[in-house]
Each structure stands twice: as C-alpha cells, then as structure tokens.
Protein chains: 2
Amino acid sequence: MAYRPTERTEARRLEARERILSAAIDLVAQGGYRAASVSAVADGAGVATGSVYRHFPSKAGLFAEVFRRASQREVNAVVAASAGEDNAVERLATAIETFARRALRGRRLAWALLAEPVDPAVEAQRLRFRRAYRDAFASLLADGIAAGVFPEQRVEVAAAALVGAIGEALVGPLSPAGDDVDDDGVIDALIAFCISSVTHEETEHVRHRLAA
Amino acid sequence: MAYRPTERTEARRLEARERILSAAIDLVAQGGYRAASVSAVADGAGVATGSVYRHFPSKAGLFAEVFRRASQREVNAVVAASAGEDNAVERLATAIETFARRALRGRRLAWALLAEPVDPAVEAQRLRFRRAYRDAFASLLADGIAAGVFPEQRVEVAAAALVGAIGEALVGPLSPAGDDVDDDGVIDALIAFCISSVTHEETEHVRHRLAA
DNA sequence: TCAAGCTCTGAATCGTGATTCACTTCTTGG
DNA sequence: CCAAGAAGTGAATCACGATTCAGAGCTTGA
C-alpha cells in the first residue's frame, strides 16, 4: 500500500465542504432554493458537479445541512438577544424584534427558511426550525408565567401561534419586493400584538365562551 | 361543414371538466398535492391523460383552479359563520373556531392549502387564499374598532398575524398523524390567544417600548 | 521515482412526470 | 347514410435537473 489519507488531505476535504456549503447558502440567500441547483452550487464553490456528491449524499442532504446551519444561526441570535436579565415581557419583545429585524434584513433567506417550497427532506429541517423557535418562545412564556407576569395558558399553543404570527406578518412584506413598507411600524405593531396575546387575562367574552 | 358544437356537447364538456376537478380535489384531500399526478387525476375522472389538457392548459392551471375553489369554500364558510349580528369579539371567535374546526376535519386538505410545497403557479393561488383570510379578519377587526370593542391598531398587521397564528397552531397538530391531540383544547387556547392579541390596550411595557 | 489508491472531473445517464400528437371514435348538419 | 370536423385516447416524447462513472490527475509511503 502506498497512499494513506492524512491530516492535510482531510483539511482540504473540510475546506471544500465548507466552500460548497457557503456557495449553497449564498445561492439560497440570493435566489431561494429554486435557484440553487447542484451544478450552480458546484460552480459557486469552484468544484465539479460530481464532487458535491463526495461531500454530501444527495442534494437534499446538502440542503438539510444548509438549512440546519442557517436556522441554528437565527434561533441562536434570538435566544441570545433575549437572554438578558430583564423581565419576561421585555425579553419576549426583544425576541420578537430580533426575529423580525433579522428576517427583514436577508428577506430572501428568511423566506426560504420560513415558507419557500422545498424537498420533503429539507422540509423536515424547516419543521425543526419552527419547533426550535417554538421551544424558545415556550421557554420565555413559561418563565413569565412562573414569575407571575403572564397568566396561565397553554404554552405550547401560544408559542406556536407566536411563531406563526410573526412569520406570516413578515412573509407578507417579505415575498413581494418589499414595496416601501414601513418596517419599523410593522415590527412595533407585531410586538404589540404578540405581547397582548399572551399578557391578557381572560375577558368576559372569552370566559363565557370557554364555559360553553 | 357538418359538425357544429351544440348545447348537449357543451354540457358534456362541462361535466367532464367537473369530474376532473372533483377527482383532483379528492386526490389532494387524500394524499396531498404530491399524490395528484395528472395521470392519477385522469384515472380518477375516468378519462385519458391527454383529455385533461382539453380542459386545462397545464397541470398548474388545473390545480390553480382546484386551489381557488377549495380556498373559496373555506373562506366563505368562515365569513358566513361570522356574519351574524353578534358583537365583534364573538364574531372573531366564531371565525377562528370555524377556520380551525374545518381545518381539523380534512386535515390533509387544510395542510395542502396552508403549507404543502406546490408549483409556483399554485403557490400564487395560496397567497391569494391567505390574503382572502387576512382581508376577512381585517374587516372583522375594523368593525370592532369602529364599534369601540377593539382598540386602535394596525389592522393589516394584526390580521396577517392572526392568520399566521391560527395556521401555525393548526399545522403542528396537522402535519403529524395528529396523535391524540386534544382538538377542542387547542381551539379554545387559540381563541383565547387571538382575542387577547387584538383586545388588549397598550400595556405599560409596550407603551414604553414604542416610545423608545 | 514509483505503484497504489485516492480524489476530481463533467459529460452521459437516469428517473420522473408533464406534455404532445397521430390516430380512433364520436357528433352533427345535410 | 355521409363527409366534415370535434373530442378522446394513451403510448411516445420531452424537459429538467439530480446522480453516476470511466478516466485523468494527485498524494502518499517506500
């Protein structure tokens, strides 16, 4: 035997892998998932089409990783921003604002992560993304309830609803070319909406309705 | 010349068209968009594959119509249910409940309408669907604000957020095989969440935040 | 430097499902 | 009943992009 993989070749391998991932993210951020064909990714990374398959088992596998990373980054940013010592309302507001501001910068990427049609395998990754957000919000809510700032409620449902509310409110301004929408105004309204949704004590009407 | 289309043949044409649409809806309601290939639709309608193209310009054209109809039906049901003379809160609650109950029956169809990956041309139809819901909610909110039941707020944003909140809260229980989730409980929590979100006056925290 | 064995290449292949079209079957007015 | 056309058929074609693979080019330890 004569050839044996070594540290240097391994480093080169990883570097190529990173270049491929990076090219894929760029393409998604720029033109969405549809624009990111395997050969376009290969071109962007400066490798041959076939080489992509030396690093990833399939296109779906590649983009699952792409989505995993991009999602992780988003969720981490939100969690980090809202981790301060402030009270629960403030933390929730910060989480929403961070979510929304990051999405409105990088709209195309946000749209890909939140709503663009993708392969089932990649879709699975998206569900994990939404779940990660849901868990983050659920945790904030639970803290707030424990602290007596929020009333008792179905934390799982409320968290899911928050994710949906934020996502949908953003995808509107997100999918068209953004017209000249007032980003700050949308964000403020969204924060007000979300804080209210989890803050309010039962009203007469709701109580009546739930009893029925 | 000898042959000339007549009333009878026209009727037959329309009937075939309806059978194709109906088969397509059934397939979507049963297995989602992915299960609805053109030949499966043709089989279901009892015609040849090629005949589908005698009635629709393309698969996308067919399914745009399918989605248009299905969406229309859903939105109509919600609008009709919430059209009563009750006050705005009750009307909103009814709208949400109708939306949710119909989605939870026919989960597969609801998922297709709300979230399943589809052709861009069909996706456009979906956006119209969401917009129709948004408009319906926006109208309810505007009425409520005029009546002094809801505080002033950005109706467009709130309406979008409501649609997103409901959709996301449902797609959770919707996409897995529904386990043994407590539908009524989810619906109640959802109603409470939504009513609160649009009912609440600005809190100290929100006011402070918006001023900043 | 060399043989062994790895990696890279990108054109050819493959799979999938929409779409077409030459042909058959039906309808109609005369 | 007939010829002119229209509608219906479904096997063949096409489009498209993911995936493969035979050969070229590198790396390595001896």
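Protein chains get the first letters and strands the later ones, always in sequence-line order, with residue 1 at the start of each.
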Protein-nucleotide distance ([X], atom [atom1]; [N], atom [atom2]), rounded to Å:
X: B:Leu14; N: D:dA7; atom1: CG; atom2: C1'; result: 14 Å
X: A:Phe56; N: C:dT7; atom1: CZ; atom2: C1'; result: 16 Å
X: A:Asp43; N: C:dC8; atom1: CG; atom2: P; result: 16 Å
X: A:Lys59; N: C:dG15; atom1: NZ; atom2: P; result: 19 Å
X: B:Arg4; N: D:dC2; atom1: CZ; atom2: P; result: 23 Å
X: A:Asp119; N: C:dT16; atom1: CG; atom2: C1'; result: 13 Å
X: A:Leu27; N: D:dG17; atom1: CG; atom2: C1'; result: 15 Å
X: B:Arg13; N: C:dT28; atom1: CZ; atom2: P; result: 14 Å

### Message
When you measure from the centre of the six-membered ring of A:Phe63, is the NZ or CZ of A:Lys59 closer than 6.0 Å and no more than 45° off the axis?
### Response
yes
### Task
For B:Thr6 and for B:Ser39, locate the closest nucleotide of DNA chain C by heavy-atom distance; then report the residue assigned to the nucleotide nearer the 5' terminus.
B:Ser39
### Task
Could you pick out which residue, B:Ser58 or A:Ala48, lies toward the 5' side of DNA chain C when each is mapped onto its nearest nucleotide?
A:Ala48
Just compare [options] and give me whichever is closest to any side-chain atom of [X].
X: B:Tyr53; options: C:dA18, D:dA7, D:dT27; answer: C:dA18
X: B:Thr9; options: C:dT19, C:dT27, C:dT9; answer: C:dT27
X: B:Val38; options: D:dT20, D:dT28, C:dA18; answer: C:dA18
X: B:His55; options: C:dG10, C:dT28, D:dG8; answer: D:dG8

Inspect the contact between [Y] and [X] and indicate whether a charged nitrogen and a carboxylate oxygen are less than 4.0 angstrom apart.
X: B:Glu15; Y: B:Arg12; value: no
X: A:Glu18; Y: A:Arg69; value: yes
X: A:Arg101; Y: A:Asp184; value: yes
X: B:Arg105; Y: B:Asp183; value: no

### Message
If you compare every side-chain N and O of A:Arg12 against the phosphate oxygens of D:dC26 (OP1, OP2), does one of them come in below 4.0 Å?
### Response
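No.
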### Query
So does B:Arg8 get a side-chain nitrogen or oxygen closer than 4.0 Å to the phosphate oxygens (OP1/OP2) of C:dT28?
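For C:dT28, OP1 or OP2 has a side-chain N or O of B:Arg8 closer than 4.0 Å.
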### Task
Check every strand shown and say whether A:Ser51 touches a base, only sugar-phosphate, or nothing at a heavy-atom separation below 4.0 Å.
base
### Message
Using a 4.0 Å heavy-atom cut-off, does A:Thr49 contact any base of the nucleic acid, only the sugar-phosphate backbone, or nothing at all?
### Response
base
### Query
So does B:Arg54 reach the base of D:dG8 with its side chain, donor to acceptor, closer than 3.5 Å?
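By the distance-only test, yes, there is a pair.
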